[in-house]
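Step one of this worksheet: look at the structure below.
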Amino acid sequence: MISIEGLSKVFTSNKSKTTAVENLDLNINDGDIFGVIGYSGAGKSTFVRLLNRLEEPSGGRITINNEDITAMTARQLRIARQDIGMIFQHFNLLWSRTVEDNIAFPLEIAGVTKTDRQKRVQELIDLVGLSGKEKAYPSQLSGGQKQRVGIARALANNPKVLLCDEATSALDPETTNSILDLLVDINKQFGLTIILITHEMHVIRKICNHVAVMESGKVVEQGEVMDVFLHPRQHVTKKFVEQVMGNGEEDEDIAGIAEAYSEGNLVRLHFVGETTNQALISKLAKKYDVDINILQGKITQTQAGAYGTLIVQIAGKDIEEAVRYIKEKSSVEMEVIQDVK
Amino acid sequence: MLNDIKFEDLIEATYDTFYMTLIALIGTFILGIILGLLLYLTSKDGIWKNKSLHFVISAVVNIFRAIPFIILIFLLFPFTDFLIGTIRGPNAALPALIIGSAPFYGRLVEIGLREVDKGVVEAAKAMGAKTRTIIFKVLLPESMPALISGITVTAIALVGYTAMAGAIGAGGLGSYAYYSGFMRRDFDLVFLCTVLIVIIVFIFQFIGDMIATKLDKR
Ligand SMILES: Nc1ncnc2c1ncn2[C@@H]1O[C@H](COP(=O)(O)OP(=O)(O)OP(=O)(O)O)[C@@H](O)[C@H]1O
Ligand SMILES: [Mg+2]
């Protein structure tokens with residue numbers, strides 16, 4: 001459990017003061033993949049760097065697994081940092097060391113013996129899928145491979161927490177997905193808590209279960225990813241949700257659709273992270289004498305299951321039974337747009 | 001005229017030049033790296049950020065760089081006499097050679113260290129590295145090509161310094177060219193010494209470039 005109370009950071013330079021993080025409270029559960037999203041300058045990087053005190057807090061308290069990070073001496077902090085892995089947007093590998101020596105570096109710092117180091121490095125190389133690249137130098141690797149080295153290095157000392165600052169922002173979409181998959185893998189396999197900073201909502205959507213939205217140094221909204229997607233309250237949050245889902249209202253020409261499909265019922269189905277009802281449409285069609293026509297929609301996958309909206313036309317003899325089934329037997333939220341009887 | 005040349009003398013002079021340059025180079029490398037590290041670590045965003053210490057080291061470095069080498073030799077006479085016990089011969093030239101070139105090399109080291117990616121230093125800190133680990137396992141290895149190119153440039157300047165020191169009694173090719181060549185109007189000998197010095201410079205340049213290229217995995 002990571003708990004953050006009243007955390008602040010003020011940068012003072014040449015008489016000007018910048019409050020990068022302001023009186024921030026947050027609790028992060030063990031095993032969470034916790035996303036922090038916000039626009040440039042919101043204070044995300046500062047926040048994550050405060051967690052391992054790469055940046056000294058101006059105020060507040062951070063406790064990780066009941067250890068007060070903020071009260072530690074320099075020596076204690078060095079030991080504590082070995083339990084907090086970190087990966088970076090620009091990978092930050094030592095170009096003078098090979099892949100295996102880069103991964104061995106944190107083990108050297110922790111004082112692991114040479115034979116144990118070699119064994120652990122090989123395990124990590126296999127884990128992140130870099131077999132065969134042991135002797136390569138970072139300059140000979142692609143961005144995705146470099147980030148894999150970064151991840152292996154961060155995991156070397158079996159940390160309990162992994163901090164990721166824009167870990168995929170320098171990668172193309174496909175590589176991003178493979179790195180995100182790897183992070184989910186690691187999270188499941190080792191029960192590692194991951195704190196992930198990003199400005200891309202699809203990253204949150206794909207792997208996080210909790211999200212906090214930051215704006216001008218403060219968390220303005222937080223909760224389970226599905227809840228935040230469904231009921232974004234703040235303007236920034238709505239903007240971020242639109243990044244993934246599109247702006248529903250704008251491209252939904254309900255009146256036009258209603259006019260074109262005047263038969264049967266027009267309903268809007270909200271899929272809210274339900275995995276058991278993914279075959280809803282085909283189930284309805286089999287069970288009842290109805291025809292279902294998908295008119296418009298967007299469904300996307302999150303860690304909690306499918307999320308999105310479909311507009312369908314239901315026609316045929318058993319419309320009422322089908323509608324009742326959706327309402328009572330499934331967790332899909334339904335809204336009748338037009339009822340032509 | 002050239003046939004009067006005693007080849008043993010020429011070989012000895014060449015050896016002395018090599019000897020002075022090499023020993024001075026080792027001293028300069030160590031002292032320069034210490035100075036460069038101090039300059040880097042005490043600077044504005046350094047690990048040992050310390051304004052007054054940085055100012056003092058910086059001032060000392062600048063002062064020694066400003067003193068012309070030949071004057072530095074004179075200035076250091078008492079010090080050399082105390083340290084080496086004589087002011088003549090190759091060994092007597094070493095203190096002046098090292099003190100004359102270390103500040104210059106120190107600046108080159110500082111520049112090289114600044115080129116090290118801040119992110120990598122930060123990554124090491126995030127792993128819980130001590131300052132000593134950061135210096136010896138991050139800063140120095142990551143800046144090594146720059147440190148080697150820097151020492152190559154310094155080595156060439158040092159060959160020049162040895163010649164200057166030679167002219168006032170340190171021995172080596174400079175001394176030989178001056179006393180046995182110039183003073184006796186034997187310009188063939190001066191020319192021969194010049195060729196030998198140029199060859200020595202080329203050898204240092206070649207070795208330095210080779211090592212720097214080999215180390216650079218960027
Ligand atoms: N070392 C520093 N000195 C002074 N001000 C700083 C420093 N680091 C960050 N800031 C300021 O703090 C604020 C937050 O910066 P931060 O880097 O945390 O934002 P961010 O959310 O990570 O942005 P981005 O998405 O661009 O990375 C900005 O206004 C920035 O100018
Ligand atoms: Mg940032």
Side-chain angles (χ1 to χ4, degrees), chain A residues 13 45 48-49 51-55 72 74-99 101-111 135-141 146 149-150 153-157 159 161-166 170, chain B residues 29 33 36-37 40-51 54 109 111-151 208-218:
Chain A
S13 57
S45 295
V48 78
R49 290 157 51 79
L51 293 182
N52 60 358
R53 274 174 64 189
L54 281 178
E55 215 71 79
M72 286 180 174
R75 226 185 85 99
Q76 290 170 323
L77 182 62
R78 279 203 304 272
I79 307 292
R81 278 174 175 170
Q82 293 172 12
D83 270 341
I84 308 172
M86 191 169 195
I87 57 176
F88 306 85
Q89 177 173 6
H90 298 293
F91 325 122
N92 296 353
L93 305 176
L94 285 96
W95 62 256
S96 59
R97 286 178 173 232
T98 57
V99 167
D101 290 346
N102 261 292
I103 300 174
F105 188 37
L107 298 168
E108 290 170 26
I109 292 171
K135 307 276 184 226
Y137 284 91
S139 62
Q140 301 164 318
L141 302 177
K146 283 183 198 159
V149 179
R153 180 176 73 173
L155 295 179
N157 286 316
V161 181
L162 181 65
L163 309 176
C164 315
D165 190 1
E166 307 269 6
Chain B
F29 189 65
I33 284 180
L37 274 171
Y40 175 80
L41 294 172
T42 57
S43 69
K44 199 162 86 272
D45 32 38
I47 301 175
W48 293 337
K49 181 180 168 186
N50 186 327
K51 224 171 175 175
H54 185 80
V109 171
I111 293 168
L113 293 173
R114 275 191 204 296
E115 297 282 296
V116 175
D117 187 354
K118 296 261 180 321
V120 178
V121 176
E122 195 155 284
K125 279 190 200 161
M127 289 176 223
K130 294 190 185 90
T131 303
R132 180 156 44 98
T133 313
I134 293 177
I135 292 173
F136 289 103
K137 294 200 167 186
V138 179
L139 289 174
L140 294 182
E142 291 282 296
S143 62
M144 204 40 89
L147 301 190
I148 297 294
S149 315
I151 201 69
D209 288 352
M210 204 175 63
I211 298 174
T213 317
K214 200 171 150 49
L215 284 176
D216 201 342
K217 307 286 187 201
R218 273 171 292 194

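These numbers come from a predicted model, not from an experiment.
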Practice problem: With a 4.5 angstrom heavy-atom cut-off, could you sort out which part of A:Ile84 is near chain B: side chain, backbone, both or neither? | Solution: backbone
Practice problem: Between chain B and each of A:Arg75, A:Arg78, A:Arg97, count heavy-atom pairs under 4.5 Å; write down the option with the most. | Solution: A:Arg78
Self-check item: B:Lys125 side, atom NZ; A:Leu77 side, atom CG - distance, nearest 0.5 Å
Solution: 11.0 Å
Quiz item: Do you know which of B:Ala126, B:Pro141, B:Ala124 has the most heavy-atom pairs with chain A at a distance under 4.5 angstrom?
Solution: B:Ala126
Practice problem: Take B:Met127 and A:Gln82 through the side-chain contact (heavy atoms from CB on, under 4.5 Å) test and state the conclusion after the steps. | Solution: CA-CA 5 Å; B:Met127 289 176 223; A:Gln82 293 172 12; over 6 Å; no
Quiz item: With sequence neighbours excluded, what pairs up with A:Asp101 under the side chain to side chain donor-acceptor pair (under 3.5 Å) test?
Solution: A:Thr98
Side-chain polar contacts of residues 111-119 of chain B - donor-acceptor pairs under 3.5 angstrom, sequence neighbours left out - could you list them?
from, atom 1, to, atom 2, distance (Å)
B:Arg114, NH2, B:Glu110, OE2, 2.8
B:Asp117, OD1, B:Gly119, N, 2.9

Quiz item: Does the pair B:Thr133 and A:Phe105 meet the rule for a side-chain contact (heavy atoms from CB on, under 4.5 Å), with working shown?
Solution: CA-CA 10 Å; B:Thr133 313; A:Phe105 188 37; 4.1 Å; yes
Would you mind writing out the side-chain donor-acceptor pairs for residues 210-218 of chain B within the sub-3.5 Å range, not counting sequence neighbours?
from, atom 1, to, atom 2, distance (Å)
B:Thr213, OG1, B:Asp209, O, 2.5
B:Asp216, OD1, B:Arg218, N, 3.1
B:Asp216, OD1, B:Arg218, NE, 3.1
B:Asp216, OD2, B:Arg218, NH2, 3.3
B:Lys217, NZ, B:Lys214, O, 3.4

Exercise. Return the option, out of A:Leu163, A:Ile109, A:Leu94, with the maximum number of heavy-atom pairs under 4.5 Å with chain B.
Key: A:Leu94
Practice problem: Determine the minimum heavy-atom distance between B:Val120 and A:Leu93, stating which atoms define it. | Solution: CG2-O, 3.5 Å
Quiz item: By a 4.5 Å heavy-atom criterion (distance strictly below it), what part of A:Arg49 contacts chain B: side chain, backbone, both, or neither?
Solution: side chain
Quiz item: Checking heavy atoms, do the side chain of A:Ile79, its backbone, both or neither come under 4.5 Å from chain B?
Solution: neither
Exercise. With a 4.5 angstrom heavy-atom cut-off, could you sort out which part of A:Arg53 is near chain B: side chain, backbone, both or neither?
Key: neither
Quiz item: Under a 4.5 Å heavy-atom cut-off, does chain A meet the side chain of B:Val121, its backbone, both or neither?
Solution: neither
Practice problem: Determine yes or no for a side-chain-to-main-chain donor-acceptor pair under 3.5 angstrom, with B:Glu122 supplying the side chain and A:Leu54 the backbone. | Solution: no
Quiz item: Quick one: which residues of residues 144-151 of chain B reach chain A at under 4.5 angstrom, heavy atoms only?
Solution: B:Pro145
